[in-house]
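Bear in mind the structure is a predicted one, so any value in this text is a computation, not a measurement.
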Amino acid sequence: MRRRVLLSSLVSAVVLVGLVAQPGGAVNVPHPVVVSADPANWTPHVLDGKVDAIVVVGDKVVAGGLFTQVATADDPATPIARSNIFAFDATTGAIDPNFTPLMDGEVESLAVAPDGLHVFAGGRFTKINGTAQKSLAKLRLSDGVRITQFKGKTNARVKDMALSGGRLYIGGTFATVNGAARVALAALDPTTGALSPDLGLQFSGPRTGTLNVDKLDITPDGSKLIAIGNWTLVNGLQRDQIVMVDLTTTPASVFDWATTRYQQQCAAVFDTYMRDVDIAPDGSYFVIGTTGAYRAGSLCDTASRWELGRTGSGQQPTWVDYTGGDTLYSVAITGTAVYVGGHQRWLNNPLRSGNAGPGAVAREGIAALDPHNGLPLSWNPGRDRGVGAFALVSTPAGLWIGSDTDRIGRYEFHGRIAFMPVAGGSAVPESRVGAVPGELYRLGLTGTMDHRGYDGTAFGAPTSVPGVDWTQARGAFMVSGKLYTGWSDNNLYVRDFDGTTAGAATALNLAGVNTSTNFPVNRVTGMFFEPSSGRLYYTLSADARLLYRYFTPESGVVGAETFTASATGWSTVSGMTLASGKLYFATSGGNLSRVDFAGGVPSGSATVLSGPAVDGQSWQSRGLFVLAT
């Protein structure tokens, strides 16, 4: 498995020959920052082919793929023979001279044994050191010797694997394991290789070609396994290309989670267009990356987030980010970011195939996405695209990247493997919005700004804020000391604002989404930002809907797609803001009203708080916001 990591940071808690296996054995390590865009200089090079899989075991890295030569960082011109697998020091890059197994075919997956002294290798090899050993092996880390006491064997490829709960889970194109019928997915004893009787799901109905589990991942608590690949039915239940397995039952069973979103056909050349799945470190959600060619409204060539806490049929993704027709091969979630790798040119590109459409953000070959909404963060090291980046693995120290190209980081030479350290990385600022009690600001129709205290019941006297003519403003919202305003010139501007002084305005790069039919900023009558979902809500003149699109303050990227939160009742809005779970909105009649806001939509009946008929106050505005420092 390309992303299974041993947490060396836990050694102080449980010591076993200096090493300890990662809890759950499956998920990536969380990071407090987005890793540096400058790759480490000491990593070795793979001089041909590609790297498919990476695992980190204490102070050692093992990489597998399809290659014949490697080299040190200090001497990249001197090849060192290695047959599809090699090991090196995790901090210096020194190539291990003792770990030299001769694999006669591609190593597609790796996993660390529970003892931290061995590594499992899976792929399409048939021999190791000239001895027959098909598709699955256990190797000693100190010298690369195959462990003959491990008797696990399959009749065909092992494409992915993970260790959890004392079992080695394998997925691939096989139909038998240890001579017994076991299609595409199985569990083995990691010491003996004995086949577990508790995992025997029946995969059937391949879309085309051979049934297979392409990738799998397991939740940190070991309770659920998610597999993706080529099938339509599991145990007779409709589960197109994805299944969630309940590992707490005996035998393991199909979990009550299903979606129809992967029933759609992408390009017919693909038996499955699923390419990777990764579960978040906290076990709350997972992200899938796909291939398939551009299909408007489909999940072909996308990254999509799905919530693990949901049950039932008809599941829908929380968000989808489109490349516009380029494949994503790998996913790694660190909590702070969702990293994706492939041969993509853009992200946030749902509206055009093969070219940059409205909103498209250039992210060549590698990108970091906002976990809240899937929009690209500002991290942009760039890498030569090639076919793709096939392995993304986080460790406490950083992010490993395995691929088939040798340029990354604008554009340093790093042959098919690179390491982006946590040191020198960047924190993603918290998106702070205003709360009640607080200061409620109003941009008046005549270009003035005033504010008054509000404790949830009563308003204070208004105080004027001089300095800027707001006549051309079209809605306003505030996040973490930054004031965002739409403008009559159809742009969205950001400036510093401390409650009394507004800084110079800078236009965000809207990348062409601000058209008359997509995001007509010059028609905005009110807007607000909801940080937990990363949504920018807004209303438009001559439109009864409450709309939203995604927005990420860290990068300033605005989502290309328009969504409807509420279909009617919003045609008279004259400024709006969200604070402490309540939506406050002014109307063209001068009233200020409040309505509950939960789950991304307003709910219940609105209450008029102030207005000409209540207290003689008029709240007509160019924008409302609550101060957010």
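Comment: Arg207 does not engage Asp271 in a salt bridge, judged by the lack of any side-chain N to carboxylate O separation of less than 4.0 angstrom. Salt bridge Asp217/Lys215: absent, no basic N to carboxylate O contact under 4.0 Å. Glu530 has no carboxylate O lying under 4.0 Å from a charged side-chain N of Arg535, or vice versa, which leaves the two without a salt bridge. Taking a cutoff of 4.0 Å between a charged side-chain nitrogen and a carboxylate oxygen, Glu108 and Arg157 qualify as a salt bridge.
Residues Tyr322 and Ser298 come closest through the heavy atom pair CE2-O, 3.1 Å. Of all heavy-atom pairs spanning Leu492 and Leu510, the tightest one is N-CD1, 4.0 Å.
For Gln265, the CD atom is densely surrounded, since the number of other residues' heavy atoms within 6.0 Å is greater than 12.
A distance of 10.0 Å separates CD in Glu364 from CH2 in Trp346, rounded to the nearest 0.5 Å. The line from OG of Ser135 to CG of Asn155 is 8.0 Å long, rounded to the nearest 0.5 Å.
For the residue pair Asn355 / Arg345, no side-chain donor-acceptor distance below 3.5 Å is found, with atom types taken as modelled. At a cut-off of 3.5 Å, with distance as the only test, no side-chain donor of Asn84 or Glu106 sits close to an acceptor on the other residue. At a cut-off of 3.5 Å, with distance as the only test, no side-chain donor of Thr327 or Gln344 sits close to an acceptor on the other residue.
Ring to ring, Trp306 and Tyr262 are close: their centroids are under 6.0 angstrom apart.
Between Thr405 and the choices Arg416, Arg383, Arg385, the side chain to side chain donor-acceptor pair (under 3.5 Å) rule is met once, by Arg383. Each of Val331, Ile228, Val287 was scored for a side-chain contact (heavy atoms from CB on, under 4.5 Å) with Val277, with one residue passing: Ile228. With Val158 as the fixed residue, the side-chain contact (heavy atoms from CB on, under 4.5 Å) test singles out one of Ile170, Val177, Val107: Ile170.
Relative to the ring axis of Phe255, Lys224 places its NZ or CZ within 45° and under 6.0 Å from the centre.
Ring-plane geometry between Tyr548 and Phe563 is classed as parallel, the angle between the planes falling under 30 degrees on a 0 to 90 degree scale with a further cut at 60. The aromatic rings of Phe477 and Phe551 sit perpendicular to each other, their planes meeting at more than 60°, with 30° as the lower class boundary.
A distance-only check finds a donor-acceptor pair linking the side chain of Thr290 to the backbone of Asp301 [under 3.5 Å].
The side-chain heavy atoms of Leu328 and Thr291, taken from C-beta on, include no pair separated by under 4.5 Å.
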